[in-house]
Structure formats: C-alpha cells, structure tokens
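Step one of this worksheet: look at the structure below.
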Amino acid sequence: MNTVLLVLIFSLVGLSLSATPEQWASRTIYQLLTDRFAMAQSNPPSCPNLSNYCGGTFNGITSKLDYIQGMGFDAIWISPVVVNYPGGYHGYWATDLYGINPNFGTETDLLKLVAACHSRGMYVMLDVVANHVGPVGYTYSTVVPFSDPSHYHACNGCPSGCQINDYQNSSQVELCRLAGLPDLNQTNPFVSNTLLSWVKNITSYFGFDGLRVDTVPEVAGWSSSPLVTFLKGFQQSANVYAVGEVFDSRIPYVASYQGIIDGLLSYPMFFTLRNVFEGQNSMYNIQTTVQQYSSSFPNMSLLGTFIDNHDNPRFLNGQSDYKLYENALLYTLLSQGIPIIYYGTEQGFSGGDDPYDRETLWSSNYNTSTTLYKFISTVVNYRKQAQVWQYPQVQRYCDNQFYAFTRGNTFVALTNGGSKQPQITRTITYQPYANGTKLCNLFYASDCVTVQNGQFEVFLNNGECKVFFPVY
C-alpha cells in the first residue's frame, strides 16, 4: 500500500479497544524477533549472516502460534513493523513511518496475524521507537516524514561524532546519538505531533493491545525533563498499556519513569538475577533488590520481568547449567511483575552478543519435547491456574544459597547451587499454611510435605527448584 493511502487510512480509523494495565498483569509474554521466529515455508534454509535479514515473516508467526500457545503464553511481543534502512532486520532503523516493512510481509499479513492472535485470546505487543531513525548520517531526505534537519537534535554540546559516551549525563543521553542514529527532536511541534498521531493510528488500525517503548531515557533523559510531557502523551495517544526500556541497573533512576509510562522493563532485577544464578552469588542480592523495588516503584506488578532478551548475551552463554537456568526462569515467571520469555529460551539457545543472541528459531525444528519447553509450559500454565498475579510476593526465607517466597497459596523455593550441589534442607517457619496442610511439588506430584507445628521442611536435590501448593 502506498504512503499516501496508508496515511489516509490512519487518519480515518478510530481508537482500538485495548486491554487495561491490570489485565496485562495477568499475561505472560513471549518476545520474538519477527525476522528470526518463523518463515512461511517448509524446510526454511539456514541463515549465513545474522547481521542481515534471515527471512522471518508475519505469516510465519501466524503459522506457529500453536507452538507459542503450547507453552501457555497468552501474549506476544513483536519487532517494530515500519520500513527500515537496509539491513534493519531488527526493526529499529526506521526510514518510513507510514510503510510496513516488506521483508516481514504486507499490511494485510500483519492484520491477519493480530486477528489470529485475538481469536486465540492472545494479546499482541508492538515494539515502537520514538527516539531515532535509521543510520542515514546527516542525509535526512530519505526519511519519511522527518526529512528536514530541524527534525533532529543539532548535536550542540555533544561529544565528537555526536555520540552518547556518558550514560550518567542525562542531557547527553537525551540530545546526542545512540550508536550514531539520528536523534529526533521532540520539542519540534511537527516531530512531536507526528509521532503522537502515528502511534495513535498504528495502534488503533492494527488492533495492538500494548506497546514496548524503545530507548525511553534517550527521549527524555531524566524524569523532570520537559520531554516527559511528550513521553506521557505518546502512551496516552496509543491508549494501551506500555512497558518502557530503561537499560540501567540503578533502581531509583528506572523507577522514576513509572507514572510517565505504565511499566518498565525490570532491568535492575535482570542484573540481580544474572548475578545470583548465572554468577552464583548470594541470594541476599534478590532480597535487597526486592526491598529497594518495594520502596521505589509505584506498581511492581506492571514491570516486565525477564532473564533474556535481544540486547544481551543469553543466560546459557555465560552459564551452561540448566538447573541454574530453571531457577532463574522460575523466579521470572512467578515473581511479581509481567513475565517476558525471549524466543529460543525453550530450545536452550546460548548465543552471545548481538547478533548472535538473535538466532533463527527454525533451526530447532520447533521441538516441543525439550526440557525447557516442558518446564516453561508447566510453570506458565500453573501461573494462570493459580492466578498468582492477584497476590503479593512475600519473602519466606533467605540465605546465601536458598530463597523462598509465596504468592497466595503458592510457595516457590530456589537455589543458586547448580546441578552439582548436594541436597540442601531448610525449615520454613514463616509461612501462611495451617497445620495439617499437605503441600505437593508442581514438578513431581509424589513429592509432598505436611505442615506440622507451624513449619515444614524443604529439600532441594542437585540444584533443583520447587513450587509447592496445597492439596486438599
């Protein structure tokens, strides 16, 4: 469809009916890269160059929804969909805001994908970028609709090359270029109004249920920046739940953006979980992070919790022990927040830095019998059955090697010991169950304990994790 016609359609459509943030809190999200998830053909070829397009499409995703839903997921997060600069397989190099990336398919293909998800009760989250465009240097004439130099920050006060080189300097983060990408000037009325109109119309027309907002601090470098007004308006225009990317380990800094945007990707917890399970450092780090979260974030239930994504080497690249990975995944899936699982996790992918953490999923033949596919399916389906999002996360025990918490009647026991760890035992005295309550393990139905004298014992063998729930 040509640009003029698409703009006309966008201007005529009404707002979509969207899920509330509270409804999103009940969802479990499967993050995928459109170019890497599935091709709409049998026997797809291997991809010789992960730095360029590999061939995944909207129709490919539609054809593999059974595979995603088989793990219990009820939401997907897809790549940005607009036309990109050559080589922009990831979607973050926009050159035409009004066109659909032809490498992924057509407008009709995308509409069909969203409709197919909705027919299954699945939400669709769109990744969007309001900070920058593709790597066109200073030749803006090819960018639609931001073709004038006034549409971009002028690099005044920026380091050589206009690059951000100090991410603690909020003015630099807001005004300079991330990885050389031209930085949009949202104080320009044409830029801000166009972006607000665009996000409203693309969300409504295609029926997206939520947004992942890329590079939030690069738009508004600090929570009192004048551009916060634009950022708030961006989500309000879309009229859907949004989770923003603030790629930073500082809890107060990340938390300062909640309220500007509904939720944030839980990057400080990501770094903590990697430290504890990949690095096998003390479980007290989780306790400390949770305590700081509780006093910093207005609403922890709307944060996006994850252990892997497209911007970091995969967990299994730095730690090959599956037991440690299962512990990290269990925390991700059952702790407070909206769980996000990165595609390929279920296949044990172990890619390193970008682009090697962006493997083609068809290389796995979509195997549904892997240990991790089954593990994720078991936990995600339990999460829905127990509706854990309705209950607070309450710490029940913590030491260097053991961490336990409850959400309602669900008891989660974790260790950072790994598969070579001998059996460890902990007596749980701070717990919510009545004497005589029989608790059984989600992963082994015959593994049960009974609460006596206000306490029960938990045994973890060879680095396993457990989920106990009452059996009446």
Which distance, rounded to the nearest 0.5 Å, do you find between the [atom1] of [X] and the [atom2] of [Y]?
X: R314; Y: S350; atom1: CZ; atom2: OG; answer: 8.5 Å
X: E218; Y: S170; atom1: CD; atom2: OG; answer: 11.5 Å
X: L334; Y: L330; atom1: CG; atom2: CG; answer: 5.0 Å

So that I can tick it off, tell me whether D308 and R274 are bridged by a salt bridge, with the cut-off set at under 4.0 angstrom between side-chain N and carboxylate O.
yes
Ion pair check, D357 and R36, cut-off under 4.0 Å:
no
Side chains of [X] and [Y], donor plus acceptor under 3.5 Å:
X: E245; Y: Y257; value: no
X: E346; Y: T370; value: no
X: T106; Y: D109; value: yes

Are the ring centres of [X] and [Y] closer than 6.0 Å?
X: F306; Y: Y267; result: yes
X: Y373; Y: Y67; result: yes
X: F469; Y: Y382; result: yes
X: F443; Y: F375; result: yes
X: Y241; Y: Y123; result: no
X: H310; Y: Y92; result: yes
X: H151; Y: Y140; result: no

Would you say S364's side chain and L361's backbone share a donor-acceptor pair under 3.5 angstrom?
yes
Hey, what's the ring geometry for [X] with [Y], parallel, tilted or perpendicular (30° and 60° as the breaks)?
X: F208; Y: F206; answer: tilted
X: Y403; Y: F405; answer: tilted
X: F271; Y: F247; answer: tilted

Hey, does the Lys NZ or Arg CZ of K64 hover above the aromatic six-ring of F37, less than 6.0 Å from the centre and inside 45° of the axis?
no
Closest non-hydrogen atoms of S26 and W389, given as atom of the first, atom of the second and distance, are CB-CE2, 3.3 Å
For a side-chain contact (heavy atoms from CB on, under 4.5 Å) check, start with the C-alpha distance between Y325 and I307, then their side-chain angles and the critical distance, and finish with the verdict.
CA-CA 9 Å; Y325 199 23; I307 192 63; 4.2 Å; yes
